[in-house]
Amino acid sequence: MKKVKKSDINKLKDYLWEIPMSFRDDMKVPARALAVESLLDDIIEDRSLSQLVNVATLPGIQKASLVMPDVHEGYGFPIGGVAATRYPDGVISPGGIGYDINCGVRLLTSTLKIDDVRDKIEALSKEMYAQIPSGMGKGGHIILSEEQMNHVLTTGAEWAIENGYGIHEDLTYIENKGKLMEADSSMVSEMAKKRGTDQLGTIGSGNHFVEVDYIDKIYDEDIAKAYGLENRQMVVLIHTGSRGLGHQVATDHIRIMMNAMAKYDIKLKDRELACVPFNSKEGQNYFKAMCAAANYAWCNREVISWEARKAWGTIFGEAEANLKLLYDVAHNIAKIETYTISGKQQKVIVHRKGATRAFGPGFEELPQAYKNAGQPVIIPGSMGTCSYVLAGTEKSKDITFGSCCHGAGRRLSRTAAKKEVNAPVLKEKLKERGIYIQSGSFKGIAEEAPIAYKDVNLVVETVHASGVAKKVAKLKPVAVIKG
DNA sequence: ATGTTC
């Protein structure tokens with residue numbers, strides 16, 4: 001595979017770079033990277049830009065294959081990538097969505113200020129760790145019957161609320177109200193359902209976590225007010241997805257697609273880009289299964305919120321347990337959306353893999369309170385650094401198919417991170433800075449160390465400067481619960 | 001990311 005060098009890349013703006021179609025004769029559109037130059041110099045080191053060029057060859061791809069500033073290499077497609085293919089005959093590719101279907105984040109706001117509760121943070125971190133199951137393969141307290149599983153897969157977050165694990169008001173503040181209508185539970189294999197039987201309300205491992213933060217800085221007073229954010233306010237950030245169930249859905253359908261591709265005469269440089277036309281039988285079946293797994297993930301984050309609320313009730317009392325959902329966004333998902341392409345309205349299948357939707361003001365699905373502000377975009381940083389709340393913009397539709405970055409983005413591989421980091425020492429150092437890490441695994445702490453990640457400040461500066469999202473608030477962590 | 005490499 002021809003490696004992408006700096007000299008192959010044209011600078012379009014200070015934060016926008018393009019690999020032109022002349023780079024490789026099989027490219028159907030140019031490949032673009034949103035990044036300030038110092039991040040680009042990091043990005044060029046791994047295979048993510050070569051992967052981006054591969055994506056630009058997919059049947060039906062529109063306008064450009066894109067990566068966000070937090071990009072790094074992934075399975076087939078780079079993580080931090082956006083690819084829109086023509087509806088309905090362009091391809092859908094599970095690799096463009098990711099194994100963790102509807103991995104995403106949500107932010108809950110509290111009525112407490114950090115300065116009033118410093119002395120309770122360590123106890124809070126322990127109580128949250130006790131209430132929220134975490135770790136590889138770990139199950140939770142809810143065991144779903146076959147019938148309940150089918151309900152979760154078709155109704156998403158609603159299931160949690162109807163069964164006493166959530167608050168009805170939350171639904172208004174979840175992307176797609178926590179339920180994709182196209183879901184079909186019969187497209188989810190028995191194996192996938194089995195893996196998901198006891199994993200509702202669990203965070204898993206890797207970069208998944210539940211975190212307590214406080215608002216350290218407000219950049220946009222008006223939008224912060226609309227979102228209900230105030231300086232020093234404590235919030236809860238939840239990052240996880242569809243667990244073993246989503247992983248199995250991806251595994252099952254990638255295998256099916258690899259066998260079906262020849263039938264549709266699709267030939268690829270990298271078999272990890274396995275894809276079929278969206279309107280083919282296999283494409284539809286995957287999409288329906290993906291939607292079902294996405295619903296499972298929304299239900300999962302709703303149940304985890306219930307567990308977090310329980311822990312807050314134990315530590316601070318009933319009145320303070322009423323954490324309010326600011327917003328819940330997916331960053332591993334495919335959506336059918338409409339954009340202006342070459343001057344005309346065109347429906348596309350937008351693949352977002354490690355990319356957050358970032359729609360601007362006026363978007364009809366937004367709750368009334370956010371109509372003028374735009375969709376909240378939640379960007380978790382690396383463990384122990386900081387995170388951001390941003391607001392989507394109208395401009396994101398022109399530049400990134402309504403998308404934004406999803407986090408800091410990995411810089412070192414997990415193996416490299418483990419070599420560099422002494423986890424017990426890191427944990428102690430963070431504690432000295434008032435950040436309590438609760439984790440069952442030192443290996444997990446090492447892999448997620450700040451040094452393993454890009455500088456989230458630069459990532460956020462890039463998206464802010466490019467206009468795809470606006471900075472609203474900066475969050476600082478005080479407690480992290482992880483696998 | 002993941003009952004850690006279909």
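Within every chain, numbering begins at 1; the chains are lettered A, B, ... in the order of the sequence lines, protein sequences first and strands thereafter.
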Sugar-phosphate only, base, or nothing, as touched by Gly206(A) at under 4.0 Å among non-hydrogen atoms: sugar-phosphate
Exceeds 12 heavy-atom contacts within 6.0 angstrom, atom NZ of Lys418(A): yes
Taking every non-hydrogen atom, the tightest pair across Ile121(A) and Ala479(A): CG2-CB, 4.2 Å
d(CG, Asp252(A); C1', dT2(B)) in whole Å: 13 Å
Spacing between Arg271(A) atom CZ and dC6(B) atom C1', to the nearest angstrom: 8 Å
Atom-to-atom span, CD1 of Ile97(A) to P of dT2(B) - whole angstrom: 17 Å
Length of the NE2-P vector between His253(A) and dT2(B), whole Å: 19 Å
His351(A) and Phe77(A) aromatic ring geometry - parallel, tilted or perpendicular at 30°/60° bounds: parallel
Geometric cation-pi criterion Lys397(A) and Phe359(A), 6.0 Å radius, 45° cone: yes
Candidates dC6(B), dT4(B), dT2(B) - which lies nearest the side chain of Thr251(A): dC6(B)
Interatomic distance where OH belongs to Tyr75(A) and P belongs to dT4(B) [whole Å]: 16 Å
d(CZ, Arg243(A); C1', dT4(B)) in whole Å: 13 Å
Given DNA chain B, 5'-ward residue of the pair Arg255(A) and Arg414(A), judged by closest heavy atom: Arg414(A)
Sequence neighbours excluded - salt bridge (charged side-chain N to carboxylate O under 4.0 Å, His left out) pairs with any residue from residues 45-54 of chain A: Arg47(A)-Glu73(A)
Validation row, ring centre His239(A) to ring centre His406(A) under 6.0 Å: no
Rounded distance in Å - NE2 (His247(A)) to C1' (dT5(B)): 9 Å
Sugar-phosphate only, base, or nothing, as touched by Glu272(A) at under 4.0 Å among non-hydrogen atoms: nothing
Interface with DNA chain B, restricted to residues 288-307 of chain A and to heavy atoms under 4.0 Å: none
Rounded interatomic separation in angstrom, taking CG from Leu245(A) and P from dT2(B): 12 Å
Tyr173(A) six-ring face occupied by Lys324(A) cation (under 6.0 Å, within 45°): yes
